[in-house]
Amino acid sequence: MNSNSKKHSKVLILGSGPAGYTAAIYTARAMLEPILVHGSEPGGQMTTTTDVQNYPGYTDVIQGPWLMEQMKGQAKAVGTDMIQDHIKKVDLSKKPFRAIGDSGQEYTGDSIIISTGAQARWLNLKSEQEYRGFGVSGCATCDGFFFKDKEVAVIGGGNAAVEEALFLTKFATKVRLIHRRDKFRAEKMLQKKLMENKKIEIIWDSVLEEVLGNKNPKGVTGIKIKNLKTNKITEISIHGLFIAIGHDPATSLFKGQLDMDKEGYLITKPDSTATNMPGVFAAGDVKDKIFRQAVTAAGMGCISALEVEKFLSKQN
C-alpha cells in the first residue's frame, strides 16, 4: 500500500467485536460513512466462544463466531468500510485524529470510537509459554474438546475460572481448580454449581510452579503446584491446563493520551462512552471490566455511535 495515502472518515472505529460492529451499524445508518479497522481475527473474544445462550433474540443456542459474522455482515451491508490492518500508532493530539497501520496506511477521523477489547492474561512462566497451544490454553471453549476423556486443571478463582472448570466437565474426566486463596471471588450461584459437580476437585492456597511435558510429541503431561501455606510442592499428572486469571484491555496505544484506571481500562464519563478527549469515545471491554458481556458491549457500541453523531453535528 502507498504509505502516503490517507483514508479519512467522519468516524474511525478501531476494533471489531459486538461494540465495534454495533457502533458501525448505527453510524453507517446515520450516513456517517464509518471506516472500521480490525486485526487479523475480527470479532474479538466472541470468536473464541462457542455456545452463546444469553444473547437476546435467539431461542436456540447460537455460536459466537456465527454471531460475529452476522454483525460484521450487517455493518458492511449498511455501508461500513471494513479494513484489515494492525494499528501500531495513534495520535490524538490534533484534529483530525490519526492512526497508522502496519501496512503504512494512515487513517484519519473527525471522531474515533475505540472498541479494541481485552485479552486473556497469562502467568508468564517460561514453561507455561513453552506449552501454549500444546496443552496450555487461555480459553476452555476453544480448546476443551481436545481433552475428551482426559484430566485437566484450571488456574484462577473468579467467574471466568469457575465457568471454565464447569465447561470442561463436559469433556474431561476430572477437572482440578487451583486457586491461590482459600475462597472464590466468583458469583455464589456459580460456586454452588461448582461444589455440586463430582468431576471437580478444588485445590486451595496453591499456585502454579511449573508446567511439565514431553518434547516429542510436544504436549503437557503434568504440573507442579506449590501450597502457599506449607510451601509443599506437589506434582499432578494432567493433559491440559487452562489459565483463567483475568483480562488486560488493549489500550497500550492510548497510554499518555487518554485517562485510564490502574489496570489500563479507559475511563469514560458517567452514563456515557465519552473519554476525557472530546471526539474520542470508548465502547465494550476496553472500558468495561465489570460486565464484559456481548450484549453490554453492543449496547455501548450503540451509545458511542449516538454520541458521535451528536458530537459531529455540534462541530458542523
Side-chain angles (χ1 to χ4, degrees), residues 17-18 41 43-55 58 60-69 117-125 127-180 184-187 189-203 206 208 211-214 217-223 225 236-248 285 292-294:
E41 290 171 14
Q45 294 177 84
M46 284 295 284
T47 55
T48 61
T49 308
T50 46
D51 291 2
V52 176
Q53 303 186 21
N54 54 10
Y55 198 84
Y58 302 95
D60 297 322
V61 178
I62 55 167
Q63 301 298 302
W66 176 84
L67 182 61
M68 290 304 94
E69 276 300 315
Q119 283 102 24
R121 207 176 276 160
W122 298 93
L123 293 162
N124 289 321
L125 294 172
S127 56
E128 169 207 49
Q129 293 306 314
E130 190 186 335
Y131 287 100
R132 242 177 98 171
F134 295 92
V136 174
S137 168
C139 173
T141 42
C142 327
D143 303 324
F145 182 78
F146 301 120
F147 302 98
K148 207 166 170 11
D149 302 327
K150 297 195 164 108
E151 296 195 6
V152 298
V154 177
I155 310 277
N159 279 353
V162 173
E163 279 170 0
E164 302 253 292
L166 286 164
F167 177 81
L168 287 164
T169 59
K170 289 190 199 179
F171 308 103
T173 50
K174 187 178 177 98
V175 179
R176 291 180 174 86
L177 183 53
I178 299 156
H179 185 37
R180 58 181 316 140
F184 291 123
R185 299 185 309 280
E187 288 165 18
M189 192 176 135
L190 277 174
Q191 290 193 40
K192 185 174 180 290
K193 273 173 88 175
L194 184 81
M195 304 296 179
E196 286 168 359
N197 196 308
K198 302 265 186 293
K199 276 189 173 182
I200 298 173
E201 179 195 338
I202 300 162
I203 302 173
S206 298
L208 179 69
V211 179
L212 309 168
N214 289 328
K218 197 172 181 184
V220 171
T221 56
I223 49 171
I225 57 168
I236 300 170
S237 56
I238 53 160
H239 289 98
L241 178 68
F242 293 85
I243 312 291
I245 54 170
H247 292 77
D248 290 312
D285 285 16
R292 291 216 310 266
Q293 300 298 307

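A pairwise comparison of heavy atoms in Ala118 and His247 identifies CB-CB, 4.1 Å as the closest pair. Between Val162 and Ala186, the shortest heavy-atom contact is CG2-CB, 3.6 Å. Listed here is the closest heavy atom pair of Pro18 and Ala294: CB-O, 3.5 Å. Shown here for Gly144 and Leu168, the closest heavy-atom pair between the two residues is CA-CD2, 3.7 Å. The nearest pair of heavy atoms linking Ala161 to Gly156 is CB-C, 3.4 Å.
By the side-chain hydrogen bond (donor to acceptor under 3.5 Å, both in side chains) test, Lys198 pairs with no residue at all, sequence neighbours left out. Annotation: ring pair (Phe, Tyr, Trp, His ring centres under 6.0 Å) contacts of Trp122 (sequence neighbours excluded): none. Scanning for side-chain contact (heavy atoms from CB on, under 4.5 Å) contacts around Asp60 gives an empty result, with sequence neighbours left out. Residues passing the side-chain hydrogen bond (donor to acceptor under 3.5 Å, both in side chains) test with Arg185, sequence neighbours excluded: none. Judged as a ring pair (Phe, Tyr, Trp, His ring centres under 6.0 Å), and not counting sequence neighbours, Tyr131 has no contacts. Taking Glu69 as the reference, nothing meets the side-chain contact (heavy atoms from CB on, under 4.5 Å) condition, with sequence neighbours excluded. In this structure Gln293 satisfies the side-chain contact (heavy atoms from CB on, under 4.5 Å) test together with Asn54, Val295, Thr296, sequence neighbours excluded. Residues satisfying the side-chain hydrogen bond (donor to acceptor under 3.5 Å, both in side chains) test with Arg132, not counting sequence neighbours, are Gln129. Under the side-chain contact (heavy atoms from CB on, under 4.5 Å) criterion, Thr169 pairs with Val175, Asn197, Lys199, Ile200, sequence neighbours left out. Residues that satisfy the side-chain hydrogen bond (donor to acceptor under 3.5 Å, both in side chains) test with Asn214, not counting sequence neighbours, are absent from this structure.
Note that OH of Tyr55 is 6.0 Å distant from CG of Leu67, once rounded to the nearest 0.5 Å. Within the model, atoms CZ of Arg292 and CD of Gln45 stand 7.0 Å from one another, a figure rounded to the nearest 0.5 Å. Interatomic distance, Ile155 CD1 to Ile223 CD1, rounded to the nearest 0.5 Å: 5.5 Å. Atom-to-atom distance recorded for Leu208:CG and Glu128:CD is 7.0 Å, nearest 0.5 angstrom. Here the CD atom belonging to Gln191 is positioned 12.0 Å from the CD atom belonging to Glu196, to the nearest 0.5 angstrom. Of the inter-residue distances, the one linking Asp248 atom CG with Asp285 atom CG reads 12.0 Å to the nearest 0.5 angstrom.
More than 12 heavy-atom neighbours from other residues, nucleotides or ligands sit within 6.0 angstrom of CE on Met195. For Arg121, the CZ atom is densely surrounded, since the number of other residues' heavy atoms within 6.0 Å is greater than 12.
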Steps toward side chain to side chain contact (heavy atoms under 4.5 Å, CB included) verdict (Phe184, Leu190): CA-CA 10 Å; Phe184 291 123; Leu190 277 174; over 6 Å; no
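Using a 30° and 60° split on the angle between ring planes, Trp66 and Tyr58 fall in the perpendicular class, above 60°.
The stretch residues 156-167 participates, sequence neighbours left out, in these side chain to side chain donor-acceptor pair (under 3.5 Å) pairs: Asn159-Glu187.
For the pair Ile245/Leu123, a side-chain contact is recorded, criterion being any heavy-atom separation below 4.5 Å from C-beta on.
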List, one per line, each side-chain donor-acceptor pair under 3.5 Å for residues 145-154, sequence neighbours excluded.
from   : atom 1 : to     : atom 2 : distance (Å)
Glu151 : OE1    : Arg176 : NH1    : 3.0

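A donor-acceptor pair is defined here as one N or O able to donate and one able to accept, closer than 3.5 Å; such a pair exists between the side chain of Lys218 and the backbone of Glu130.
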